[in-house]
Structures are given as C-alpha cells and as structure tokens.
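Before any comments, here is the structure.
In what follows, every heavy atom counts, from backbone to side chain, and hydrogens, waters and symmetry copies are set aside.
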Amino acid sequence: MRWDNFFQDLEDQLSAEWEAERAALDSETERLRIARLGLRDRIAALAADGASVRLELSDEAVHEARLDAVGADWAAARLGDGSILLAPLAAITSLSLSGVSVVASAREGSAQPDRLAERVTFGFALRDLARRRVAVTMGTTSGRNLSGTFDRVAADHADVALHDHGTPRREAEVRGYRIIPLHAVAWVRVDVGEGTALAGRA
C-alpha cells in the first residue's frame with residue numbers, strides 16, 4: 001500500500017465523519033429552533049409576505065383574507081372587500097394556505113422582529129377603535145354576531161353600544177349595551193373607510 005493512498009483514505013474517512021457530525025448537529029439545531037417557534041412568529045412571517053390565507057376562527061367563521069400585520073396577541077387581515085379583520089391569536093383554529101407559504105413561514109429569519117408591534121395588544125387595538133368611535137361588527141366565541149361601537153375597553157373586557165350596522169353611534173340608534181370579556185371575542189371587522197387610520201398603522 002502506498003503511504004500517500006493510506007493517508008488520503010484516512011483523510012476521506014475523517015472528512016466523511018466530520019460532515020456526518022455537522023449534518024447531525026445542524027439537524028438537531030433546526031429541531032430545537034422549530035421547537036421554539038410560536039404561532040405568532042409564523043403569522044408574522046406570513047404577514048411580511050402579504051400571504052393569502054383561509055382563516056378559521058373559534059366561532060366557526062371562515063374568512064378568506066390577506067394577512068397584513070400582527071400585534072402582540074392578534075393578527076390583522078384584509079378581506080376581499082377591503083375591510084379589516086382583527087382576530088386574537090387565541091381565536092384562530094387553523095390557517096389554510098399553500099405549501100410554499102407553509103414552508104417559507106417556518107424558515108429562520110423569515111420575518112424581522114417588530115419591537116413596537118410586539119407590544120401592541122388586542123386590547124390596545126380595540127381601545128384605539130373606541131377612541132375614534134369606529135363602528136364595527138364582531139363575532140363572539142359562542143357564535144353570536146354583533147354590530148355596534150366600543151364605548152370603552154378595560155383590562156380584560158369591553159363595553160359595547162349595540163346599533164345597526166352602517167349607522168353611527170347615536171343614543172337614539174343604540175339598541176342596548178353589552179359587557180364582553182375580551183377572551184370571548186373571536187374577531188372584529190372594520191369596514192372600508194371606518195378603519196383607514198388603523199390600516200395605516202397596521
């Protein structure tokens with residue numbers, strides 16, 4: 001046996017072992033990264049790409065929408081008619097989308113962190129709607145749809161003045177009042193025109 005062949009063989013074996021060890025390490029690192037990946041991370045990546053999805057929510061409502069933004073615990077999506085849908089992450093039961101989008105949303109660095117958006121809670125977004133007296137429609141986790149205006153939004157619940165869809169919040173138009181726990185809100189829809197400022201911030 002020639003010594004140069006002998007050493008070349010050893011070198012090849014070491015190289016193969018090193019490549020196998022590196023592949024195993026990379027695989028384990030990737031498994032750990034995926035294990036730490038949250039739903040918010042995936043939705044943020046989809047929103048960064050403006051992905052179109054089919055949102056299924058806890059009240060059994062289904063919305064075809066384009067993801068626009070994600071807050072601390074909620075997502076904003078644009079519906080086909082231009083209206084804005086706000087949905088708490090806890091109310092999302094599934095997202096239907098293309099296989100390409102599924103894979104892309106799980107890639108490392110698929111969305112850059114937005115430190116401001118990470119601090120904007122669902123309650124904060126609803127308080128903005130209350131401050132601007134924006135009329136909304138909403139779905140509750142019990143399956144009831146309501147229309148009205150948020151009068152005030154507290155730490156874990158909201159006061160809603162109920163009135164017909166498309167009418168302004170005037171005392172003569174109000175049909176009743178509800179106190180609704182925020183965890184019972186499955187989605188809030190803001191019609192075209194009503195949510196212009198919100199859409200600009202999303």
Worksheet entry | Arg42 and Ser105 side chains, donor-acceptor separation under 3.5 Å | yes
Worksheet item: Which pair of heavy atoms, one from Gly139 and one from Asp59, lies closest together, and at what distance?
Response: CA-OD2, 4.0 Å
Worksheet entry | Worked verdict on Arg78 versus Ile84 for side chain to side chain contact (heavy atoms under 4.5 Å, CB included) | CA-CA 5 Å; Arg78 181 81 56 175; Ile84 301 166; 3.7 Å; yes
Fill in: For Asp151 against Ala161, the heavy-atom pair lying closest together
OD2-CB, 3.6 Å
Worksheet item: Ala65 and Ala77: which non-hydrogen atoms are nearest, and at how many Å?
Response: CB-CB, 3.6 Å
Worksheet entry | Pair Ser147, His163: side-chain N/O donor-acceptor within cut-off below 3.5 Å | no
Discussion item. A side-chain contact here means heavy atoms from C-beta on lying under 4.5 Å apart; do Leu146 and Thr140 qualify?
Written reply: yes
Item to complete: Could you tell me whether the side chain of Val153 reaches within less than 4.5 Å of the side chain of Asp128, counting heavy atoms only?
Response: no
Worksheet item: Going by heavy atoms in the side chains, are Leu95 and Leu39 under 4.5 Å from each other?
Response: yes
Discussion item. Val190 and side-chain contact (heavy atoms from CB on, under 4.5 Å): which single residue from Val134, Thr137, Leu79, Leu85 fits?
Written reply: Val134
Worksheet item: Can you get from Ile179 to Leu126 by hopping between Ile, Leu, Val, Met, Phe, Trp and Tyr side chains that sit under 4.5 Å apart?
Response: no
Worksheet, complete the sentence: Heavy-atom nearest pair, Leu57 first then Ala186, reads CD1-O, 4.0 Å
Worksheet entry | Arg175, CZ atom: more than 12 neighbouring heavy atoms under 6.0 Å | yes
Discussion item. Could you check whether any side-chain heavy atom of Glu60 comes within less than 4.5 Å of a side-chain heavy atom of Thr93, counting everything from C-beta outward?
Written reply: no
Worksheet entry | Within-4.5 Å side-chain heavy-atom neighbours: Leu162 and Arg178 | yes
Worksheet item: Quick one: OG on Ser94 to CZ on Arg54, what's the gap to the nearest 0.5 Å?
Response: 7.5 Å
Discussion item. Please give me the minimum heavy-atom distance between Leu89 and Ala72, naming the atom from each residue.
Written reply: CD1-O, 4.4 Å
Practice prompt. Would you indicate whether the side-chain heavy atoms of Phe150 and Asp159 approach each other to under 4.5 Å?
Written response: no
Fill in: Atom pair CD/OG1 of Glu173 and Thr167 - distance to nearest 0.5 Å
5.0 Å
Fill in: Leu182 side, atom CG; His157 side, atom NE2 - distance, nearest 0.5 Å
8.0 Å
Worksheet item: Under the side chain to side chain donor-acceptor pair (under 3.5 Å) test, which residues partner Arg33, sequence neighbours left out?
Response: Glu30
Worksheet entry | Among Leu46, Val53, Asp49, Leu67, the one residue meeting side-chain contact (heavy atoms from CB on, under 4.5 Å) with Ser101 | Leu46
Item to complete: Determine the minimum heavy-atom distance between Arg127 and Ala154, stating which atoms define it.
Response: NH1-O, 3.2 Å
Discussion item. Pairing donors with acceptors under 3.5 angstrom, does anything connect the side chains of Ser52 and Arg66?
Written reply: no
Discussion item. Is any side-chain heavy atom of Thr149 closer than 4.5 Å to one of Val136?
Written reply: no
Discussion item. Under 4.5 Å between side-chain heavy atoms, counting indirect links through other Ile/Leu/Val/Met/Phe/Trp/Tyr residues: same cluster for Tyr177 and Met138 or not?
Written reply: no
Worksheet entry | More than 12 heavy atoms of other groups within 6.0 Å of Phe124 CZ | no
Practice prompt. Name the orientation class of the two ring planes belonging to Phe122 and Trp74 (parallel below 30°, tilted from 30 to 60°, perpendicular beyond 60°).
Written response: tilted
Worksheet item: Is there a side chain to side chain contact (heavy atoms under 4.5 Å, CB included) between Val160 and Arg169 once you walk through the steps?
Response: CA-CA 10 Å; Val160 182; Arg169 193 243 185 266; over 6 Å; no
Worksheet item: If we only count heavy atoms from C-beta on, is the Val70 to Glu118 side-chain gap below 4.5 Å?
Response: no
